[in-house]
K.L.:
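Dropping a structure here in structure tokens format, bear with me for questions.
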Amino acid sequence: MQMIQETADLSAYLVADEVIDHRHALVRETAARLADGVADSYEYARAAFEFVRDTIPHSQDSGDLRVTWRASDVLEQGTGICYAKAHALTALLRAEDIPTALCYQKFDVVHGLVAVRFNGAWHRQDPRGNKPGVDARFSLDGERLAFTPDPSSNEMDYPVLYAAPHPVVLDALKAAPDRPYLWNTLPTAL
């Protein structure tokens with residue numbers, strides 16, 4: 001798939017904002033802890049990916065009713081759905097100056113993941129969290145995502161790499177008082 005940057009300005013994929021709040025003390029502390037002892041940015045990116053994938057449960061899998069959307073809140077509360085986990089990973093990567101984009105797939109609902117830029121190319125990563133039937137891994141050498149769209153079922157990869165969360169996704173997260181409500185209002189398309 002040909003990925004398309006929302007903007008040609010690579011610095012847009014390093015920006016901190018209300019959601020990707022990588023200047024927040026908790027994000028900075030977590031990034032520093034993950035960076036301690038790694039040899040380079042590739043190892044750091046893998047460590048950050050595995051931290052978000054493995055230590056922050058997907059709230060649907062764990063039964064957690066809380067809805068998080070801001071990266072620092074995901075880290076503080078230790079829960080989130082795919083979008084929130086993607087926000088947390090994006091913040092951790094940007095905190096270490098690794099250009100990171102948000103990207104999406106369409107299944108019955110929209111699924112969120114990230115793309116990291118290394119060696120002049122974007123590489124999609126899915127920090128959703130593994131469970132039976134899901135084996136997502138960090139890879140710069142071929143995708144190892146949680147899910148593969150089936151075009152015959154009207155599923156697809158959206159090609160756009162966003163510098164900030166898509167408004168449809170963010171609006172759904174912000175409006176949800178709890179995960180069951182969110183589950184009924186998840187976006188079905190961008």
Side-chain angles (χ1 to χ4, degrees), residues 1-3 13 19-20 22 27 30-31 34-35 38 40-64 66-69 71 73-75 77-96 98-119 121-151 153 155-162 165-166 169 172-173 179 182-183 186-188 190:
M1 175 184 74
Q2 177 74 22
M3 291 182 267
Y13 298 97
V19 180
I20 312 300
H22 65 75
V27 177
T30 304
L34 293 169
V38 298
D40 56 30
S41 60
Y42 302 103
E43 282 188 30
Y44 173 79
R46 180 183 308 279
F49 170 84
E50 290 174 353
F51 172 79
V52 172
R53 182 195 65 190
D54 298 343
T55 66
I56 299 172
H58 189 285
S59 58
Q60 175 69 17
D61 295 348
S62 68
D64 196 317
R66 296 173 292 171
V67 174
T68 54
W69 53 269
D73 292 341
V74 174
L75 296 175
Q77 296 181 38
T79 190
I81 66 165
C82 61
Y83 312 128
K85 291 180 66 147
H87 299 167
L89 180 56
T90 299
L92 289 170
L93 294 171
R94 289 183 183 182
E96 292 294 315
I98 299 170
T100 308
L102 295 155
C103 45
Y104 303 93
Q105 297 175 306
K106 181 192 180 304
F107 298 99
D108 290 337
V109 295
V110 174
H111 174 62
L113 49 155
V114 306
V116 295
R117 187 154 177 98
F118 282 112
N119 299 325
W122 290 100
H123 305 272
R124 293 190 306 167
Q125 313 295 327
D126 192 342
R128 182 226 179 269
N130 290 336
K131 64 178 188 172
V134 175
D135 185 24
R137 296 176 189 240
F138 183 84
S139 176
L140 301 179
D141 198 24
E143 293 185 334
R144 297 292 308 267
L145 305 178
F147 309 110
T148 302
D150 176 8
S153 297
E155 298 174 350
M156 66 179 281
D157 289 307
Y158 287 107
V160 177
L161 300 171
Y162 295 93
H166 193 284
V169 168
L173 288 168
R179 190 182 36 76
L182 177 63
W183 233 240
L186 286 172
T188 57
L190 296 181

K.L.:
Give, for atom CG of Leu92 and atom OG1 of Thr30, the distance between the pair rounded to the nearest 0.5 Å.
P.N.:
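It comes to 6.0 Å.
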
K.L.:
Tell me every residue that passes ring pair (Phe, Tyr, Trp, His ring centres under 6.0 Å) with His166, counting only those two or more places apart in sequence or in another chain.
P.N.:
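Only Tyr162 meet the ring pair (Phe, Tyr, Trp, His ring centres under 6.0 Å) criterion with His166.
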
K.L.:
Who passes side chain to side chain donor-acceptor pair (under 3.5 Å) against Ser153, sequence neighbours left out?
P.N.:
Asp150

K.L.:
With side chains defined as the heavy atoms from C-beta onward, is the minimum distance between Pro165 and Tyr83 less than 4.5 Å?
P.N.:
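No, every pair of side-chain atoms sits at 4.5 Å or beyond.
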
K.L.:
Which heavy-atom pair separates Ala136 from Asn130 by the least distance, and what is that distance?
P.N.:
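Here Ala136 and Asn130 meet closest at N-OD1, 2.7 Å.
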
K.L.:
Sorted by first residue and then second, give each salt bridge (Lys or Arg N to Asp or Glu O under 4.0 Å) pair with at least one member in residues 41-57; sequence neighbours left out.
P.N.:
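Sorted result for residues 41-57: empty, none.
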
K.L.:
Quick check for you: to the nearest 0.5 Å, what is the distance between Trp183 atom CH2 and Ser59 atom OG?
P.N.:
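Reported to 0.5 Å precision, the distance equals 6.0 Å.
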
K.L.:
Are any side-chain N or O atoms of Lys85 and backbone N or O atoms of Val52, one a donor and one an acceptor, separated by less than 3.5 Å?
P.N.:
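Checking the backbone N and O of Val52 against the side chain of Lys85, a donor-acceptor pair under 3.5 Å is found.
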
K.L.:
Check the pair Lys106, Asp157 against salt bridge (charged side-chain N to carboxylate O under 4.0 Å, His left out), reporting the backbone distance first and the verdict last.
P.N.:
CA-CA 6 Å; Lys106 181 192 180 304; Asp157 289 307; over 6 Å; no

K.L.:
Looking at residues at least two apart in the chain, or sitting in another chain, which of them share a side chain to side chain donor-acceptor pair (under 3.5 Å) with Asn119?
P.N.:
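Listed in chain order: Tyr42.
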
K.L.:
Is a side-chain N or O of Gln105 found less than 3.5 angstrom from the main chain of Tyr158, in a donor-acceptor match?
P.N.:
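Answer holds: no.
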
K.L.:
Kindly indicate whether the side chain of Val109, heavy atoms from C-beta on, has any atom under 4.5 Å from the side chain of Pro187.
P.N.:
no

K.L.:
Evaluate side-chain contact (heavy atoms from CB on, under 4.5 Å) for Phe51 paired with Ile56, printing each intermediate quantity in order.
P.N.:
CA-CA 7 Å; Phe51 172 79; Ile56 299 172; 4.3 Å; yes

K.L.:
Identify, with sequence neighbours excluded, every residue that meets side chain to side chain donor-acceptor pair (under 3.5 Å) alongside His111.
P.N.:
Asp126

K.L.:
How close do Ala146 and Arg128 get, counting heavy atoms only, and between which atoms?
P.N.:
CB-CD, 4.2 Å

K.L.:
Can you tell me how far the OG atom of Ser139 sits from the NE2 atom of His123, to the nearest 0.5 Å?
P.N.:
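With rounding to 0.5 Å, OG (Ser139) is 8.5 Å from NE2 (His123).
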
K.L.:
Could you go step by step and tell me if Val169 and Leu102 meet the side-chain contact (heavy atoms from CB on, under 4.5 Å) rule?
P.N.:
CA-CA 11 Å; Val169 168; Leu102 295 155; over 6 Å; no

K.L.:
Taking only residues two or more places apart in sequence or in another chain, which ones pass side chain to side chain donor-acceptor pair (under 3.5 Å) with Glu96?
P.N.:
none

K.L.:
Check ring pair (Phe, Tyr, Trp, His ring centres under 6.0 Å) between Trp122 and all other residues, then give those that pass, not counting sequence neighbours.
P.N.:
Tyr13

K.L.:
How long is the span from the CG atom in Asp61 to the CD1 atom in Ile81, to the nearest 0.5 Å?
P.N.:
11.0 Å

K.L.:
Got a sec, which residues hit side-chain contact (heavy atoms from CB on, under 4.5 Å) with Ala71, two or more places apart in sequence or on another chain?
P.N.:
Asp21, Ala91

K.L.:
Taking all non-hydrogen atoms of both residues into account, name the closest pair between Thr148 and Glu155 and its distance.
P.N.:
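Nearest heavy atoms, Thr148 then Glu155: O-OE1, 4.1 Å.
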
K.L.:
Quick one: CZ on Arg179 to OG1 on Thr79, what's the gap to the nearest 0.5 Å?
P.N.:
8.0 Å

K.L.:
If a pair satisfies salt bridge (Lys or Arg N to Asp or Glu O under 4.0 Å) and one of its residues is in residues 138-149, list it, with sequence neighbours excluded.
P.N.:
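For residues 138-149, and leaving out neighbouring residues, the salt bridge (Lys or Arg N to Asp or Glu O under 4.0 Å) pairs sorted by first residue read Arg124-Glu143, Asp135-Arg144.
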
K.L.:
Does the side chain of His58 come within less than 4.5 Å of Val134's, by heavy atoms?
P.N.:
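A side-chain contact under 4.5 Å is absent here.
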
K.L.:
To check you understand the geometry: which heavy-atom pair defines the closest contact between Tyr104 and Gly112, and what is its length?
P.N.:
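Smallest heavy-atom distance, with atoms named: CD2-CA, 3.8 Å.
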
K.L.:
Sequence neighbours left out, what passes side-chain contact (heavy atoms from CB on, under 4.5 Å) with Pro159? Give chain and number order.
P.N.:
Met1, Ile4

K.L.:
Could you pull out the closest heavy-atom pair between Arg117 and Ile98, with the gap in Å?
P.N.:
O-CG2, 4.5 Å

K.L.:
Of all the heavy-atom pairs spanning Leu34 and Ala48, show the shortest one and how long it is.
P.N.:
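Minimum heavy-atom separation between Leu34 and Ala48: CD1-CA, 3.9 Å.
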
K.L.:
Taking C-beta and beyond as the side chain, do Val110 and Leu186 meet within less than 4.5 Å on heavy atoms?
P.N.:
no

K.L.:
Please check if atom CG in Asp40 has more than 12 non-hydrogen atoms from other residues, nucleotides or ligands closer than 6.0 Å.
P.N.:
yes

K.L.:
Is the backbone N or O of Val19 less than 3.5 Å from a side-chain atom of His87, with the two atoms forming a donor-acceptor pair by type?
P.N.:
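Between the backbone of Val19 and the side chain of His87 there is no qualifying donor-acceptor contact (under 3.5 Å).
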
K.L.:
State which residue, out of Leu161, Val116, Ile20, fulfils the side-chain contact (heavy atoms from CB on, under 4.5 Å) condition with Thr100.
P.N.:
Val116

